[in-house]
Amino acid sequence: MLSTGYQTLLDCRRRSRYLRQHGFTTDQIATILALDHPATPLRLYRHAAGLTATQAVAAFHQLVDTTGAGLRESRLYEHETWPQAGRRPSTDTLRLLARIYGTQPARLLTPAMLATYTPHDQHMLRRSEDG
């Protein structure tokens, strides 16, 4: 039998693929997935993008041109479970994951999570990639 986490991933991938085919954005898909899945925004955005942790980590390393040292799957899972458990992601990590998931870094956090960062970091996470 499939584990609940994997079943959730499969359901989210199926739904996000369907919604993308109908013109929904990643931000809209993550909002829809949040209605049925109590997970952190960081995990919901990965699911909305239709990526496994392995795929997200591979994309991360491709962006920073590294192999293994920058982010491991286990660390991604720790970031996705923070603040209930795990570790808080750095602003650089959030900015790279936001590029991979097609969103803005601040959207990967709840307002309470964002408030744990310094004012400067909050500004950097809210700042648009365009401006």
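Note that the structure is predicted; figures quoted are calculated from it, not measured. Positions are given from 1 along the sequence.
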Would Arg75 and Val57 count as a side chain to side chain contact (heavy atoms under 4.5 Å, CB included) if you check the C-alpha gap in whole Å, the side-chain angles of each, and the deciding distance to 0.1 Å? CA-CA 10 Å; Arg75 181 58 50 89; Val57 168; over 6 Å; no
Mind checking salt bridge (Lys or Arg N to Asp or Glu O under 4.0 Å) for Arg13 and listing every partner two or more places apart, or none if nothing turns up? none
Nearest 0.5 angstrom please: Gln84 CD to Thr40 OG1, how far? 9.5 Å
Is Leu10 reachable from Leu44 through a run of hydrophobic residues whose side-chain heavy atoms are each under 4.5 Å from the next? no
Mind checking whether Asp11 and Arg15 have side chains closer than 4.5 Å, heavy atoms only? yes
Can you give me the closest heavy-atom contact between Ala30 and Ala48, atom names plus distance? N-CB, 3.8 Å
Taking side chain as C-beta onward, heavy atoms only, is Thr103 less than 4.5 Å from Leu97? no
Pairwise side-chain contact, Leu94 with Pro89, heavy-atom cut-off 4.5 Å (strictly under): yes
Determine yes or no for a side-chain-to-main-chain donor-acceptor pair under 3.5 angstrom, with Gln55 supplying the side chain and Thr52 the backbone. yes
In this structure, would Leu125 and Val64 fall into the same cluster of hydrophobic residues linked by side-chain contacts under 4.5 Å? yes
Do Leu114 and Arg126 make a side-chain contact, defined as non-hydrogen atoms from C-beta onward lying under 4.5 Å apart? yes
Phe24 and Gln28: which non-hydrogen atoms are nearest, and at how many Å? CA-OE1, 3.3 Å
Do the side chains of Arg46 and Ile100 get nearer than 4.5 Å, heavy atoms only? no
Sidechain-backbone polar pair: Arg88 side chain, Thr116 backbone, donor-acceptor under 3.5 Å: yes
Minimum heavy-atom distance Tyr101-Thr26, with the two atoms named: O-CG2, 3.1 Å
Provide the closest heavy-atom pair for Ala56 versus Leu76 in the form atom of the first, atom of the second, distance. CB-CD2, 3.9 Å
If we only count heavy atoms from C-beta on, is the Leu71 to His79 side-chain gap below 4.5 Å? yes
Hey, could you give me the CG/CD distance between Leu108 and Glu80, rounded to the nearest 0.5 Å? 10.0 Å
Does the pair Arg127 and Arg95 meet the rule for a side chain to side chain contact (heavy atoms under 4.5 Å, CB included), with working shown? CA-CA 10 Å; Arg127 196 175 84 202; Arg95 292 176 76 205; 3.6 Å; yes
Please step through side chain to side chain contact (heavy atoms under 4.5 Å, CB included) for the pair Leu109 and Trp82, ending with a clear verdict. CA-CA 10 Å; Leu109 304 167; Trp82 176 78; 4.1 Å; yes
Side-chain contact, heavy-atom cut-off 4.5 Å: Thr91 with Tyr117? yes
The reported gap from CG in Leu42 to NE2 in His47 (rounded to nearest 0.5 angstrom) is 10.0 Å
Could you give the distance from SG (Cys12) to NE2 (His37), rounded to the nearest 0.5 Å? 3.5 Å
4.5 Å side-chain heavy-atom contact, Leu33 and Ile29: yes
Does NZ or CZ of Arg72 lie under 6.0 Å from the centre of the six-membered ring of Tyr77, at an angle within 45° of the ring axis? no
